[in-house]
Amino acid sequence: MITAVAIVKHDGIHLRKDFDPNHKDCTLPIILEYLAEGAANVVLRLVPFGAASKLKVTPPGLQHKLLRIRKDKPFLASVAAQYTHLTFTIAPLFPPENLVQHILVTIDVSLLTAINDELSTLRPDRPPRHVQDTITTAEPNALLVTDMSGLGTQIALEFKPKWLLPSPNAPAASKRCRTCALRAMRLAEGKFPPERAGSAFCPLALMGKDDKARLRAAEAILVANGCEWFLDGAGPFAAVLGREVAPVLKRLEELQRRLDTKGVMEVVEEPSVKLLLAMTLRDCAVFVRVQKSFLTDPVEVRLADLDTKMPHPDKVGKWRGTEERLIQGGWYENTEEVRVQEQVCVLACQELAD
């Protein structure tokens with residue numbers, strides 16, 4: 001836990017480690033708590049104390065927010081560049097109520113250093129693959145994003161829909177979509193923990209008319225979010241997926257289709273801006289906040305993790321390499337060397353039904 005202050009002025013929000021009496025009339029105390037991290041960012045929960053300041057109330061820009069800070073990695077775009085991408089490229093594509101809000105703030109070096117010190121003490125609790133990561137102290141910006149945690153009688157669920165239509169490079173006779181093919185390959189290679197099999201679902205089920213497939217997807221999302229005790233509510237949640245979430249995913253699918261018609265195997269030198277945007281949309285997260293009964297409104301559906309993909313040669317090479325292995329290994333067609341009958345993918349289930 002880190003104590004700090006937020007200075008709220010007409011030109012924006014400024015986060016500082018220490019109180020500055022020159023700004024006492026527009027300053028409120030805050031607490032930052034480590035929440036999560038990925039390959040590119042560390043996320044902290046921001047707890048404001050507006051009543052303990054001369055402001056008396058917490059400004060809207062600081063209510064129900066998380067603080068997202070870029071890690072110190074050379075291949076990542078700057079926070080300012082990401083904010084520009086999110087504001088001018090992503091925001092026009094979706095209704096505002098279907099996107100987490102992003103607010104660009106300044107943050108001083110003292111606070112960034114304090115956060116790195118906190119990360120060092122938290123190493124036993126951090127993901128092993130990220131335990132050596134630090135945040136950058138060279139950039140004076142961070143992002144406040146909407147906190148999609150459950151509030152009161154609500155439950156919050158997160159999942160990644162990934163590829164919502166088959167890969168443009170997949171064989172015509174494919175029995176697995178891109179997501180299911182990759183899952184099957186990683187499972188065979190020992191890179192997909194068998195215990196996660198219960199949380200595997202086909203993304204194509206989220207928008208189709210197959211109620212049984214959508215119910216399986218609902219159950220898998222509940223399990224992945226540690227909500228096994230809600231499995232009796234999987235039916236109502238599946239209805240929420242079809243009624244409230246599917247329209248958002250349909251827009252996501254439409255954009256994925258339009259932006260990438262040829263696939264990564266057609267990239268000769270640098271990938272196009274459209275392909276990079278398509279890959280961004282294939283890696284976003286969906287947050288659903290709903291009443292625990294799944295039976296009453298409101299239902300909130302927002303997309304997150306929409307950072308721009310950089311045209312780094314290693315990244316593009318990884319995309320091509322994965323696609324080549326899926327094609328040549330027979331993972332799309334379910335003809336892999338040690339064949340296991342596909343049971344999850346909508347494409348395979350449709351063929352079996354026919």
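Quantities reported herein were computed from a predicted structural model and do not represent experimental measurements.
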Subject >> side chain to side chain donor-acceptor pair (under 3.5 Å) involving Glu189 - partner list, sequence neighbours excluded >> reply: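 Glu189 satisfies side chain to side chain donor-acceptor pair (under 3.5 Å) with Arg325 once adjacent residues are dropped.
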**OP:** Could you list the residues that satisfy side chain to side chain donor-acceptor pair (under 3.5 Å) with Thr153, not counting sequence neighbours?
**Re:**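 In terms of side chain to side chain donor-acceptor pair (under 3.5 Å), with neighbours along the sequence ignored, Thr153 is linked to Gln291.
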**OP:** Indicate the atoms forming the closest heavy-atom contact of Ala156 with Asn225, along with that distance.
**Re:**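 Smallest interatomic distance, heavy atoms only, reads O-OD1, 4.3 Å.
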Heavy atoms of other groups near [X] [atom1], more than 12 under 6.0 Å:
{"X": "Glu254", "atom1": "CD", "value": "yes"}
{"X": "Glu337", "atom1": "CD", "value": "no"}
{"X": "Lys318", "atom1": "NZ", "value": "no"}

Subject >> Glu118-Asn116 side chain donor-acceptor pair, cut-off 3.5 Å >> reply: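 No.
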Subject >> Under 3.5 Å: donor-acceptor pair, side chain of Arg251, backbone of Leu93 >> reply: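 Yes, because the side chain of Arg251 sits within donor-acceptor range (under 3.5 Å) of the backbone of Leu93.
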Original post:
If you look only at pairs with a residue in residues 50-81, which of them pass as a ring-ring contact (aromatic ring centres under 6.0 Å, His included), with sequence neighbours excluded?
Top reply: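 Sorted pair list comes back empty.
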**OP:** Only one of Arg178, Arg282, Lys274 passes salt bridge (Lys or Arg N to Asp or Glu O under 4.0 Å) with Asp260; say which it is.
**Re:**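 Option passing the salt bridge (Lys or Arg N to Asp or Glu O under 4.0 Å) with Asp260: Arg282.
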Look up atom [atom1] in [X] and atom [atom2] in [Y], then write down how far apart they are to the nearest 0.5 Å.
{"X": "Ile107", "Y": "Ile135", "atom1": "CD1", "atom2": "CD1", "answer": "6.5 Å"}
{"X": "Leu111", "Y": "Thr3", "atom1": "CG", "atom2": "OG1", "answer": "9.5 Å"}
{"X": "Ile90", "Y": "Cys284", "atom1": "CD1", "atom2": "SG", "answer": "8.5 Å"}

Subject >> Residue pairs involving residues 121-150 (criterion salt bridge (charged side-chain N to carboxylate O under 4.0 Å, His left out); sequence neighbours excluded) >> reply: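 For residues 121-150: Glu37-Arg126, Arg45-Asp147, Arg70-Glu139, Lys71-Asp133, Lys73-Asp133.
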Original post:
Listed by chain and number, what are the salt bridge (Lys or Arg N to Asp or Glu O under 4.0 Å) partners of Lys250, not counting sequence neighbours?
Top reply: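 Here the qualifying residues are Glu253.
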Original post:
Do the side chains of Lys24 and Phe19 get nearer than 4.5 Å, heavy atoms only?
Top reply: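 Answer yes - side chains close enough.
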Subject >> Carboxylate-amine/guanidinium contact Glu342 Arg176, below 4.0 Å >> reply: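 Arg176 and Glu342: salt-bridged.
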Original post:
Looking at Leu347, Asn169, Leu326, which hits side chain to side chain contact (heavy atoms under 4.5 Å, CB included) with Tyr332?
Top reply: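 Exactly one pass, corresponding to Leu326.
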Original post:
With ILVMFWY side chains joined below 4.5 Å, transitively, what does Met1's cluster contain besides itself?
Top reply: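 Met1 clusters with Ile31, Val47, Phe49.
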